[in-house]
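Reviewing the structure listed below.
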Amino acid sequence: MRRTATLSVAVAFAVLLVSGVWSSAAREAEGATAKPNIVFILADDMRKDDLKYMPKTRSVLGDKGMSFSNAFVSNALCCPTRATIMRGQYSHNTGVWTNKGSNGGVQAYRNEGHEKDNMATRLDAAGYRTGLFGKYLNEYSGTKDKPRGWDRWFAHTGGAHYYDYKINDDGRIIHYGSTSADYETDVIADHAKTFIGASAKAGEPFFAYVAPRAPHSPATPATRDKHAYDGLKARRLPSFNEKNVADKPPWIRKLPRLSDAKKAKIDNRAEKRAETLQALDDLVAGIVGKLGDRGVLSNTYIFFTSDNGWHAGEHRIQKDKWRPYEEDVRMPLLVRGPGVKARHKAHKLVLDTDYLPTFTDLAGVHTPKYVDGRSLQPVLEGNSTAWRSAILLEAAANYSPAYRGIRTSDGRKYVEYASGKRELYHLSPDPYELRDSYDPSAPPSTLATRLKKLRSCAAASCRAVENGQ
């Protein structure tokens with residue numbers, strides 16, 4: 001009797017054990033075959049070397065994934081870049097050239113019909129739970145509109161940048177005040193993490209677009225970070241307060257050398273920017289932590305980058321962006337996810353046109369034919385073969401006449417301005433763009449010929465010209 005009972009217990013235990021093993025194996029198999037989650041974190045006005053102030057981000061993304069040394073944006077301005085990210089197209093194809101006006105801002109984006117077909121609508125139609133948290137497009141203010149394709153909408157819609165701002169929370173306008181609990185980067189982080197947690201609990205693949213304002217001017221740090229970098233000075237690159245600008249365009253030549261007072265302002269701004277980045281660093285670490293807590297980190301791709309860079313005294317330029325120089329167009333880019341090799345340095349030319357095709361590729365969704373960029377999946381998996389050897393730089397008139405330029409993988413940069421001015425830099429021996437080697441008496445170069453094709457390319461023809469065809 002006792003032997004029978006003991007046998008029954010043993011059999012029951014074995015059944016439970018086997019059942020548990022099979023259940024665990026089934027869960028693992030389901031996780032391996034499920035569509036991956038995608039988290040896209042976009043800083044605002046953060047230059048590539050600002051990553052030095054974000055140790056947590058470097059640890060949880062850079063040490064666990066891939067760092068890109070040659071990531072760029074084509075049009076180094078907030079709204080054009082964000083439109084390009086959503087559509088995978090150069091500005092000459094999105095029609096969004098500036099932050100406001102007839103050819104810029106959210107209105108230009110809408111006028112082109114882009115809210116009907118973009119990254120969000122494509123992923124949403126494929127079964128992804130989609131959410132945007134933070135900045136959408138410039139001039140998106142005072143509205144209860146919620147664009148199609150977004151299941152969760154938490155977008156900045158007016159007010160200041162870090163305190164006393166308004167959020168469109170799924171069609172409800174909510175005003176946040178000036179207490180520590182209202183600090184926008186933290187609020188965005190909390191709502192993004194809630195979305196991730198709820199999506200993971202529901203077992204749905206998700207796409208989280210997380211776009212805080214940091215470190216955009218006026219670069220207001222969280223209270224806890226106000227003295228994190230007291231006394232910090234901006235980097236003194238060889239191009240800082242450039243002594244001889246005789247070879248530069250007239251709009252640079254007319255800039256006086258920086259006075260001590262202007263240097264002090266640049267340093268003060270650098271200090272505030274570094275301190276403002278601390279909350280962004282917390283946001284990244286917090287999101288990675290939430291993904292881990294919810295058991296979905298191993299099946300989630302996390303991208304971290306910026307919409308454009310920022311000047312801090314280089315070439316005598318005190319601030320702002322938009323220009324074709326490296327400080328403005330070269331971005332930080334870190335990627336972590338399934339199959340992405342840890343601590344790997346990638347040197348391929350990457351552009352903001354690449355995010356939409358990358359995300360549709362990772363999600364197993366058909367990439368629209370209008371896309372100019374290409375999927376980064378082969379690079380992430382370490383099996384890329386042929387790749388682009390050049391990218392297009394383009395911008396409407398702003399701090400100078402409008403320009404178009406070409407930047408190559410071997411470090412050449414050639415720029416044509418609407419005024420007729422030309423610039424040519426060889427970045428391998430001259431990474432700080434101190435010596436313009438353009439010779440107006442020389443015959444047209446192959447760069448000029450290739451640029452002519454790039455400036456009007458579309459879809460597959462862009463990829464072909466970027467490849468040198």
Side-chain angles (χ1 to χ4, degrees), residues 45-52 69-77 233-260 262-267 269-270 273 306 308-332 347 349 389-395 398-442 445-448 450-451:
D45 286 5
M46 177 183 169
R47 51 192 272 167
K48 186 177 186 296
D49 54 11
D50 282 335
L51 266 177
K52 66 187 291 186
S69 60
N70 288 304
F72 292 86
V73 293
S74 178
N75 188 340
L77 198 61
K233 292 184 179 296
R235 291 188 67 192
R236 287 345 191 219
L237 299 177
S239 55
F240 182 86
N241 200 20
E242 190 172 351
K243 185 176 181 179
N244 184 359
V245 292
D247 61 338
K248 292 291 186 292
W251 45 91
I252 299 294
R253 292 200 303 269
K254 72 179 182 181
L255 297 175
R257 296 203 72 197
L258 301 171
S259 65
D260 289 343
K262 289 179 180 178
K263 291 177 186 176
K265 285 185 178 180
I266 291 171
D267 289 337
R269 189 181 299 115
R273 283 169 57 85
S306 177
N308 52 252
W310 184 260
H311 273 280
E314 298 84 12
H315 313 299
R316 305 185 186 181
I317 303 169
Q318 295 182 58
K319 58 181 181 178
D320 290 317
K321 55 274 182 128
W322 176 86
R323 292 126 174 140
Y325 301 124
E326 295 289 281
E327 292 81 13
D328 293 1
V329 299
R330 198 169 191 171
M331 297 297 102
H347 303 291
L349 277 180
S389 58
I391 56 171
L392 172 69
L393 305 176
E394 57 182 357
N398 198 317
Y399 302 107
S400 76
Y403 66 80
R404 305 291 184 272
I406 182 170
R407 207 280 192 190
T408 67
S409 56
D410 62 5
R412 292 174 295 159
K413 181 186 291 183
Y414 169 68
V415 182
E416 296 181 348
Y417 293 90
S419 65
K421 173 64 181 174
R422 305 287 186 263
E423 288 183 284
L424 175 63
Y425 296 98
H426 297 274
L427 299 172
S428 294
D430 180 27
Y432 303 106
E433 297 165 290
L434 298 174
R435 296 180 296 278
D436 175 12
S437 59
Y438 177 72
D439 181 0
S441 64
S445 66
T446 55
L447 288 179
R450 200 170 174 188
L451 174 58

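Predicted model only: the values in this text are computed from it and were never measured.
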As a quick check of understanding, evaluate salt bridge (Lys or Arg N to Asp or Glu O under 4.0 Å) for Arg235 and Asp50, giving each step before the final call. CA-CA 10 Å; Arg235 291 188 67 192; Asp50 282 335; over 6 Å; no
Looking at side-chain heavy atoms only, is the closest gap between Val329 and Leu393 below 4.5 Å? yes
For Ser445 and Arg412, does a side-chain donor sit closer than 3.5 Å to a side-chain acceptor? no
When every non-hydrogen atom of Lys48 is compared with those of Ser69, the smallest separation belongs to CE-O, 3.6 Å
Compare every heavy atom of Ser400 with every heavy atom of Tyr417, then report the nearest pair and how far apart it is. CE2-OG, 3.7 Å
Just how far is it from atom NZ of Lys248 to atom CD of Glu242, taken to the nearest 0.5 Å? 4.0 Å
Rounded to the nearest 0.5 Å, how far does CE of Met331 lie from CZ of Phe72? 8.5 Å
Checking Asp247 now: which residues fulfil side-chain contact (heavy atoms from CB on, under 4.5 Å) with it, not counting sequence neighbours? Asp436
Are side-chain heavy atoms of Arg323 and Glu314 found at a separation under 4.5 Å? no
Please check if the number of heavy atoms outside Lys421 that lie under 6.0 Å from its NZ is greater than 12. yes
Test of understanding: with ring-ring contact (aromatic ring centres under 6.0 Å, His included), list the residues that count as partners of Tyr432, not counting sequence neighbours. none
Basic-acidic side-chain contact under 4.0 Å: Asp49, Arg330: no
If the test is ring pair (Phe, Tyr, Trp, His ring centres under 6.0 Å), which one of Trp251, Trp310, Tyr403 qualifies with Trp322? Tyr403
Determine whether the side chains of His315 and Ser239 contain a donor N or O and an acceptor N or O closer than 3.5 Å. no
Derivation of the salt bridge (Lys or Arg N to Asp or Glu O under 4.0 Å) call for Asp328 and Lys321: CA-CA 5 Å; Asp328 293 1; Lys321 55 274 182 128; over 6 Å; no
Interatomic spacing from CG in Leu424 to CZ in Arg435 - rounded to 0.5 Å: 12.0 Å
Pair Arg273-Asp45, side-chain contact (heavy atoms from CB on, under 4.5 Å): steps then yes or no: CA-CA 10 Å; Arg273 283 169 57 85; Asp45 286 5; 4.2 Å; yes
Where does the angle between the aromatic ring planes of His311 and Tyr325 fall among parallel (under 30°), tilted (30 to 60°) and perpendicular (over 60°)? perpendicular
